[in-house]
Visitor: 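Please find one structure pasted underneath; my questions will follow.
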Amino acid sequence: MIKNHNTRKLAVTPSHKRAMMRNMTTSLFLHEKVTTTVPRAKEVVRYAEKLITKAKAADLNAKKALHSEITDKEVVKKVFEVLVPRYKERNGGYTQIFKLGLRRGDAAEMAVVKLVI
């Protein structure tokens, strides 16, 4: 009996969702902000915060875990050189969601996800 009610489906297959979360998190770490819809923003925040928390250990296992999720070497390097020292003393809450309003084409609620400075 599967009771996986704590995540959003986002109207995509699980493999598509995983790839989308990886891509959006890579963009978030690289540019330190990303614009998307509110449900996707909430999911990418959950995913990114878990990755940052894993990376805070800053050991070989953390690097391997991050490389398995983010394939861009420059982004992984930035995480360990910039983001991990920035959030060293912080216990969670590495991201913020700012709602932008409705998208003109389909009236989807839009949001910006930013890394906290």
Side-chain angles (χ1 to χ4, degrees):
M1 185 180 312
I2 299 172
K3 294 184 176 180
N4 193 10
H5 300 295
N6 59 351
T7 61
R8 292 167 185 83
K9 282 185 155 185
L10 303 177
V12 293
T13 61
S15 59
H16 184 179
K17 181 181 174 186
R18 185 171 185 203
M20 181 173 54
M21 289 299 117
R22 285 177 168 183
N23 289 333
M24 289 178 69
T25 305
T26 301
S27 296
L28 177 64
F29 291 159
L30 183 63
H31 303 293
E32 300 200 7
K33 74 176 187 174
V34 66
T35 304
T36 184
T37 61
V38 172
R40 287 182 181 188
K42 289 179 181 180
E43 282 298 306
V44 81
V45 162
R46 290 181 62 199
Y47 190 78
E49 295 217 1
K50 288 178 185 178
L51 289 181
I52 292 173
T53 303
K54 282 183 190 177
K56 281 174 65 174
D59 57 356
L60 184 60
N61 288 334
K63 288 184 182 181
K64 286 184 177 183
L66 204 60
H67 271 291
S68 69
E69 296 297 323
I70 297 175
T71 56
D72 190 355
K73 292 181 182 180
E74 294 300 319
V75 174
V76 173
K77 185 177 178 183
K78 180 179 180 180
V79 168
F80 283 103
E81 290 180 358
V82 177
L83 300 181
V84 169
R86 183 190 300 174
Y87 301 128
K88 185 177 180 182
E89 299 297 322
R90 193 176 184 99
N91 294 327
Y94 314 115
T95 56
Q96 291 178 323
I97 297 177
F98 298 104
K99 294 186 179 180
L100 297 176
L102 302 178
R103 184 164 52 193
R104 187 171 181 185
D106 61 353
E109 194 172 2
M110 298 298 289
V112 172
V113 180
K114 284 187 172 184
L115 292 175
V116 175
I117 295 176

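Just so you know, these numbers use all the heavy atoms, side chains as well, and skip hydrogens, waters and symmetry mates.
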Visitor: From D72 CG over to T25 OG1, what is the distance, rounded to the nearest 0.5 angstrom?
Guide: 13.0 Å
Visitor: Working to the nearest 0.5 Å, report the span between CG of L83 and CZ of F29.
Guide: 6.5 Å
Visitor: Can you tell if the side chain of V45 reaches within under 4.5 Å of the side chain of V113, non-hydrogen atoms only?
Guide: yes
Visitor: Can a salt bridge be assigned to the pair K17 and E43 using a cut-off of 4.0 Å between side-chain N and carboxylate O?
Guide: yes
Visitor: So, taking the atom named NZ in K42 and the one named CZ in R46, what distance separates them when rounded to the nearest 0.5 Å?
Guide: 11.5 Å
Visitor: Less than 4.5 Å apart, any side-chain heavy atom of M110 and any of T37?
Guide: yes
Visitor: Do NZ/NE/NH1/NH2 and the carboxylate oxygens of E69 and R22 come within less than 4.0 Å?
Guide: yes
Visitor: Under 4.5 Å between side-chain heavy atoms, hopping through other hydrophobics if needed: is there a path connecting V112 to V34?
Guide: no
Visitor: Tell me if the CG atom of N91 is crowded by more than 12 foreign heavy atoms within 6.0 Å.
Guide: no
Visitor: Do side-chain atoms of K99 reach the backbone of E109 as a donor and acceptor pair under 3.5 angstrom?
Guide: no
Visitor: Is there side-chain contact between L10 and M21, with heavy atoms separated by less than 4.5 Å?
Guide: yes
Visitor: What distance do I52 atom CD1 and R90 atom CZ have between them, rounded to the nearest 0.5 Å?
Guide: 10.0 Å
Visitor: Under the side chain to side chain donor-acceptor pair (under 3.5 Å) definition, can you give me all pairs with a residue in residues 55-67, not counting sequence neighbours?
Guide: K56-Y94
Visitor: Restricting to non-hydrogen atoms, name the atom on L66 and the atom on A55 that form the minimum distance, rounded to 0.1 Å.
Guide: CD2-CB, 4.2 Å
Visitor: Do V44 and L100 sit in one hydrophobic cluster, given that two such residues count as connected whenever their side-chain heavy atoms are within less than 4.5 Å of each other, even indirectly?
Guide: no
Visitor: Spell out, yes or no, whether F98 and V38 are grouped together once hydrophobic residues are joined by side-chain heavy atoms under 4.5 Å, including indirect joins.
Guide: no
Visitor: Considering all heavy atoms of both residues, which atom of F80 and which atom of A58 are nearest to each other, and what is their separation?
Guide: CE2-CA, 4.0 Å
Visitor: What is the distance from atom CD of E49 to atom OG1 of T95, rounded to the nearest 0.5 Å?
Guide: 3.5 Å
Visitor: What I'd like to find out is whether the side chain of L28 reaches to under 4.5 Å of the side chain of L115, using heavy atoms alone.
Guide: yes
Visitor: Any side-chain to backbone donor/acceptor pair from E32 onto K114? Under 3.5 Å, distance only.
Guide: no
Visitor: Could you check if a side-chain atom of Y47 sits within less than 4.5 angstrom of a side-chain atom of M24, using non-hydrogen atoms only?
Guide: no
Visitor: CD of Q96 to NZ of K33: how many Å apart, nearest 0.5 Å?
Guide: 12.5 Å
Visitor: With sequence neighbours excluded, tell me which residues meet side-chain hydrogen bond (donor to acceptor under 3.5 Å, both in side chains) with T13.
Guide: S15
